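Everything below concerns the one structure shown next.
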Amino acid sequence: LTGNGLTVHYGLGGGPRSAGTEEKNKVLLKEDGWFVLDSGVPLPATKEEFLKVLSNVEIIHVRASDSKDMEQAMIRKAMMDISVPQNTGGPPASGVEECQCPEGYSGLSCEQCDTGYYREESDVSSGPLGPCNSCPCNDNQDSCTQDVEAQQVVCVCK
């Protein structure tokens with residue numbers, strides 16, 4: 001997975017594969033089992049790194065071959081489950097976390113800025129996405145954003 005300038009990898013293990021045998025693999029979108037490469041050395045992905053990628057997935061890479069001797073490889077089916085915060089009549093989603101967010105943050109993993117807050121992307125001292133800061137609009141805003149080029153916060157007034 002690649003997003004926000006970072007790539008995380010998932011390893012299914014180095015066990016032997018049998019020629020002509022169909023494999024089914026399920027990969028959970030939790031930080032366990034995922035790693036980042038640091039100068040070619042695999043290191044376990046931290047929760048912060050994993051959330052940084054998940055907050056803006058740009059590419060899903062799938063490796064279909066695992067040896068030089070393979071003559072053919074194919075991906076027959078790929079699926080991604082989603083979850084919504086209301087009853088859909090389908091089975092409930094499993095493995096979905098929902099955090100209690102500090103003031104200014106929202107989302108299942110506190111990855112978004114709450115209404116009345118903006119993301120200061122240039123300050124990564126408190127985390128990979130930057131902190132959520134209160135809009136300096138005297139509570140007259142519908143929202144606000146940081147204009148990086150102008151180096152100021154732009155208020156969208158009510």
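Just so it is clear, the structure is predicted and the values come from calculations on it, not from any experiment.
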Any side-chain heavy atom of [X] sitting closer than 4.5 Å to one from [Y]?
X      : Y      : value
Val36  : His9   : no
Val154 : Tyr118 : no
Glu111 : Leu54  : no

Does one side chain, of [X] or [Y], offer a donor that lies under 3.5 Å from an acceptor on the other?
X      : Y      : answer
Gln112 : Asp114 : no
Glu103 : Tyr117 : yes
Asn133 : Glu120 : yes

At what distance, to the nearest 0.5 angstrom, does [atom1] of [X] lie from [atom2] of [Y]?
X     : Y     : atom1 : atom2 : value
Asp32 : Lys47 : CG    : NZ    : 10.0 Å
Leu1  : Asn56 : CG    : CG    : 11.5 Å
Glu49 : Thr7  : CD    : OG1   : 11.5 Å

So that I can confirm a possible disulfide, could you see if the SG-SG distance for Cys135 and Cys155 falls below 2.5 Å?
no

Measure the distance from the SG of Cys113 to the SG of Cys132 and say whether it is below 2.5 Å.
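Answer is yes: Cys132 pairs with Cys113 in a disulfide.
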
Evaluate the criterion disulfide bond (SG atoms under 2.5 Å apart) for residue pair Cys101 and Cys110; output intermediate values, then yes/no.
CA-CA 5 Å; Cys101 301; Cys110 305; 2.3 Å; yes

Between [X] and [Y], is there a shared hydrophobic cluster once you connect ILVMFWY residues whose side-chain heavy atoms come closer than 4.5 Å?
X     : Y     : result
Val27 : Phe35 : no
Tyr10 : Leu37 : no
Ile59 : Val53 : no

Determine the interplanar angle of the Trp34 and Phe50 rings, folded into 0 to 90°, and report it as parallel if under 30°, tilted if 30 to 60°, perpendicular if over 60°.
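Judged by the thresholds at 30° and 60°, the geometry between Trp34 and Phe50 is tilted.
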
Between Arg119 (side chain only) and Gly130 (backbone N and O only), is there a donor and an acceptor less than 3.5 Å apart?
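Yes, Arg119 side chain to Gly130 backbone: donor-acceptor pair under 3.5 Å.
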
Enclosure of Asp147 CG (heavy-atom neighbours >12, cutoff 6.0 Å):
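Count over threshold, so yes.
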
Closest approach of Leu6 to Lys52 (non-hydrogen atoms, all atoms of both residues)
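The pair with the smallest heavy-atom distance is CD2-CD, 4.4 Å.
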
